[in-house]
Number of protein chains: 4
Amino acid sequence: MTRKLAKSAISQKRVLDAAAKIFRDYGYAGTTMRTIADEANLKAGSIYYHYKSKDELISAVLDIGMHAVLDTVNSALAALPADADVRQRIETAIRAHLSAIIDIGDYTLATRRVIGQVPEAIRAQNMRLRDSYASLWQTILVDAQKRGEFRADANITLSRLFILGALNWTVEWFKPGGRTIDEVAHEFAAVVLDGLGKPGNTKSEAAPAKARATPRITV
Amino acid sequence: MTRKLAKSAISQKRVLDAAAKIFRDYGYAGTTMRTIADEANLKAGSIYYHYKSKDELISAVLDIGMHAVLDTVNSALAALPADADVRQRIETAIRAHLSAIIDIGDYTLATRRVIGQVPEAIRAQNMRLRDSYASLWQTILVDAQKRGEFRADANITLSRLFILGALNWTVEWFKPGGRTIDEVAHEFAAVVLDGLGKPGNTKSEAAPAKARATPRITV
Amino acid sequence: MTRKLAKSAISQKRVLDAAAKIFRDYGYAGTTMRTIADEANLKAGSIYYHYKSKDELISAVLDIGMHAVLDTVNSALAALPADADVRQRIETAIRAHLSAIIDIGDYTLATRRVIGQVPEAIRAQNMRLRDSYASLWQTILVDAQKRGEFRADANITLSRLFILGALNWTVEWFKPGGRTIDEVAHEFAAVVLDGLGKPGNTKSEAAPAKARATPRITV
Amino acid sequence: MTRKLAKSAISQKRVLDAAAKIFRDYGYAGTTMRTIADEANLKAGSIYYHYKSKDELISAVLDIGMHAVLDTVNSALAALPADADVRQRIETAIRAHLSAIIDIGDYTLATRRVIGQVPEAIRAQNMRLRDSYASLWQTILVDAQKRGEFRADANITLSRLFILGALNWTVEWFKPGGRTIDEVAHEFAAVVLDGLGKPGNTKSEAAPAKARATPRITV
DNA sequence: AATGAATGAGACTTCATTCAT
DNA sequence: CATGAATGAAGTCTCATTCAT
């Protein structure tokens with residue numbers, strides 16, 4: 001009985017893994033049940049024994065992909081000492097995010113890839129997780145600002161969008177075997193915290209005035 | 001004769017505009033020739049008078065979309081005084097990038113949306129433009145570092161990936177009518193140049209040591 | 001333009017005729033779009049140029065089939081002299097009903113064949129026509145009874161169900177080339193009006209008593 | 001061993017009952033082995049332990065359904081006193097027919113429902129029973145005519161088709177809880193024997209002449 | 001320059017059936 | 001006896017594309 005259950009579970013996992021990989025490579029509409037089946041070593045019709053539809057399959061992949069990142073980052077942060085400073089928190093979160101993308105690999109990659117191609121209904125169902133993740137970051141940033149570790153004039157929400165955007169886009173160029181996760185995480189954290197500018201150079205009183213001098217385009 | 005040509009050109013533009021809009025909304029595989037035709041007020045078969053195939057259509061849209069950003073940013077930078085400093089250059093480039101996305105609208109949005117769903121062949125053909133754009137930024141950043149306006153230890157390539165990632169992801173959340181382009185550009189530039197950290201807080205000698213202390217995960 | 005329209009109309013008719021024939025032979029679920037397409041001399045996908053779905057196709061067939069009977073019977077009755085008696089009316093209606101089944105052939109046959117196999121939604125949509133036809137007969141019978149041409153104790157509704165049942169079942173055995181429509185219509189009318197019993201034999205006072213003696217089973 | 005056999009028999013009955021019910025509700029092609037299995041509280045594959053195929057299942061259901069009517073009517077007639085008159089015989093047969101449809105319920109209803117949707121081979125195999133039933137009625141009617149209880153000019157075969165058609169169609173409208181079987185049987189018998197026309201009105205010498213006057217349509 | 005009509009390939013999905021356990 | 005898992009054939013429908021008009 002345990003073996004039977006195991007067999008079913010194994011097949012289901014095989015299908016899921018195959019789906020993640022294929023979705024990641026071809027996007028939502030570009031993926032066919034047949035291709036997934038081939039990858040999972042069974043016939044297209046057989047997928048339906050495990051998943052009721054293509055949509056249910058992509059849903060499962062999305063869930064795993066989102067949870068992977070969310071949970072990995074969450075745990076990594078929880079593992080930090082209570083008195084960890086911002087730099088540590090942010091670098092840790094970034095490193096965890098990148099790790100998740102590598103480890104759970106296909107799932108997170110597939111998630112980034114197909115979100116936005118997937119039927120509205122499915123995307124909506126996945127929004128909560130996305131929002132949770134956004135909240136996680138927002139909290140880190142807001143806390144840091146409260147504790148006085150951030151510039152008081154920083155727009156936290158915009159900064160979060162900037163950071164998460166950069167992290168999400170990561171899947172478009174990050175390839176295992178190239179740069180180290182640590183290397184990337186370290187550098188990204190540096191940009192986020194210190195910027196690229198030379199310490200002394202920072203925002204002279206004149207600078208903002210200059211910036212304001214350029215005509216504002218309102219949209 | 002000129003009028004005939006004109007009519008053809010007008011129709012062609014109508015088709016292209018329609019395609020951009022529909023591709024932007026439904027992605028590559030999610031877009032049908034019929035939907036584009038409807039939007040352009042003609043019948044599916046008629047598109048083929050102007051474009052040989054769906055792929056040629058998406059190619060055209062991608063080209064325009066990429067050029068729009070590349071050209072807009074290029075011009076904006078060229079219009080700057082020769083002695084403009086990094087902050088100005090970067091904020092200007094960001095603002096131009098965002099402007100292009102808004103102004104050329106459907107084309108740039110479509111570009112970001114479908115790149116990655118499009119058949120390999122087409123994506124490859126579009127790579128040159130992508131690379132050009134990457135070079136443009138790389139140049140800005142390298143120059144700044146050469147001129148001593150950046151931290152000497154900043155990894156320019158990774159930083160560029162970070163910045164462009166954030167800018168590209170922008171289409172996922174930026175909606176006209178909400179935040180001002182200037183607002184976003186200003187804040188983004190601030191993060192890039194100054195980081196979020198408080199000026200004094202920056203990279204104590206201890207900090208990097210600490211960071212290095214965490215075990216490195218190599219991929 | 002007229003020729004173009006004609007071509008479309010011709011094809012559509014060809015598809016419809018094919019559908020009627022195939023539905024009549026194989027029932028609803030037993031009919032495939034491919035079979036219909038073959039019969040209509042085009043490819044399965046092409047049917048969808050004329051009809052949006054299998055259901056829309058069967059709907060069209062049902063409509064025509066029901067209308068054929070309803071209209072034929074209606075006209076036949078309207079053509080009778082105002083002072084026609086019941087026997088004429090009934091025999092005429094039966095003859096018209098059978099004629100419709102033969103003339104419009106496939107459509108009416110298909111109608112009788114697939115009604116009851118068809119998705120609820122479609123059947124419902126066709127109910128109004130069925131009810132109209134029932135009303136037509138009810139009216140004939142009620143009028144006859146009012147005018148005193150029928151036994152006063154006859155249950156008109158049950159009788160109508162009896163007659164229409166017999167007529168509807170007709171498609172299961174009536175084959176052109178065998179019996180004449182007139183022959184059948186005449187005999188059916190005779191049963192309906194005179195019964196099979198010998199004129200004198202009718203409902204003696206004893207008979208009903210006897211009948212009543214058998215125990216009544218209530219359902 | 002007996003118990004094992006018993007268990008098998010019970011399951012087999014459960015499957016058969018389920019099949020009858022489902023076939024009755026969804027028709028032949030509309031019924032899936034899975035749906036039957038669900039109704040019988042086992043899994044689709046298990047049905048094949050009891051029946052070799054869907055066709056064997058429907059065959060069994062059809063046989064039972066046909067036999068039910070045939071046997072019920074046969075017994076009811078056998079139970080009549082030898083000197084029973086036509087009215088009694090016919091009303092009894094009708095009542096028995098309706099009873100069978102109600103009592104054996106699903107089987108007879110399924111029979112009427114799917115006959116005509118079922119593969120030719122199966123229908124053929126079932127024809128003998130259908131013919132037996134037809135013979136039964138033919139005998140009743142011919143006997144009555146021989147004994148002089150029917151109009152001498154009645155066409156017995158056509159009348160039989162008329163009567164059986166009406167009885168078969170009965171499943172389309174007869175719902176338990178509504179009219180009583182006895183009520184329906186009595187009224188149907190009245191139509192068959194006496195017709196609807198007023199006793200005196202019957203076939204005046206003029207009437208047939210008139211009827212003959214209408215032009216004959218030959219098919 | 002545009003359209004109506006058709007095609008063929010292929011997509012998702014369902015289902016009767018098989019078979020090892 | 002029964003089930004879980006899988007298969008292969010087939011079904012409905014979509015869509016890029018073609019071509020005569």
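- Checked against salt bridge (Lys or Arg N to Asp or Glu O under 4.0 Å), A:R112 has no partners two or more places apart in sequence or in another chain.
- Non-hydrogen atoms lying under 4.0 Å from DNA chain E are contributed by D:S53, D:K54, all within residues 52-62 of chain D.
- Between D:S11 and F:dC1, a side-chain N or O to OP1/OP2 separation shorter than 4.0 Å is absent.
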Indicate every side-chain donor-acceptor pair of residues 26-35 of chain D with a distance under 3.5 Å to a residue at least two apart or in another chain.
from, atom 1, to, atom 2, distance (Å)
D:Y28, OH, D:D55, OD1, 2.4
D:T31, OG1, D:I22, O, 3.3
D:T31, OG1, D:G27, O, 2.7
D:T32, OG1, D:R34, N, 3.4
D:T32, OG1, D:T35, N, 3.0
D:T32, OG1, D:T35, OG1, 2.7

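- Taking the side-chain hydrogen bond (donor to acceptor under 3.5 Å, both in side chains) definition, one finds that C:S11 meets it with nothing, sequence neighbours left out.
- With rounding to whole Å, C:I10 atom CD1 is found 17 Å from E:dG4 atom P.
- Every residue two or more places apart in sequence or in another chain was checked for a side-chain hydrogen bond (donor to acceptor under 3.5 Å, both in side chains) with B:S46, and none qualifies.
- With sequence neighbours excluded, the residues that form a side chain to side chain contact (heavy atoms under 4.5 Å, CB included) with D:L16 are D:Y51, D:L57, D:A60, D:V61, D:I64, D:Y107.
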Please output the side-chain donor-acceptor pairs of residues 36-45 of chain D that fall under 3.5 Å, not counting sequence neighbours, one pair per line with the distance.
from, atom 1, to, atom 2, distance (Å)
D:E39, OE2, D:K21, NZ, 3.3

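- Applying a 4.0 Å cut-off to non-hydrogen atoms, the residues of residues 41-49 of chain B that approach DNA chain E are B:L42, B:K43, B:G45, B:S46, B:Y49, listed by residue number.
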Intra- and inter-strand pairs of DNA chain F in dot-bracket (Watson-Crick or G-U wobble, both distances under 3.5 Å; | for another strand)
.||||||||||||||||||||

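- For C:K54 against C:F23, the heavy-atom pair with the smallest separation is CE-CE2, 4.2 Å.
- Distances shorter than 4.0 Å separate some side-chain N or O of A:H50 from OP1 or OP2 on F:dA6.
- Residues B:T108 and B:G65 come closest through the heavy atom pair CG2-O, 3.4 Å.
- At least one side-chain heavy atom of D:L129 sits less than 4.5 Å from a side-chain heavy atom of D:H67.
- Taking each heavy atom of A:R128 and A:Q125 in turn, the nearest pair found is NH2-O, 4.2 Å.
- Listed for the B:R113 side chain is a donor-acceptor partner under 3.5 Å among the backbone atoms of B:R24.
- In this structure, the side chain to side chain contact (heavy atoms under 4.5 Å, CB included) partners of D:I115, at least two apart in sequence or on a different chain, are D:L62, D:R123, D:N126, D:R130.
- A heavy atom closer than 4.0 Å to some atom of DNA chain E occurs in no member of residues 18-36 of chain B.
- Listed by chain and residue number, nothing satisfies the side-chain hydrogen bond (donor to acceptor under 3.5 Å, both in side chains) test with B:E56 (two or more places apart in sequence, or in another chain).
- In this structure, C:R14 atom CZ and E:dA5 atom C1' are separated by 11 Å, rounded to whole Å.
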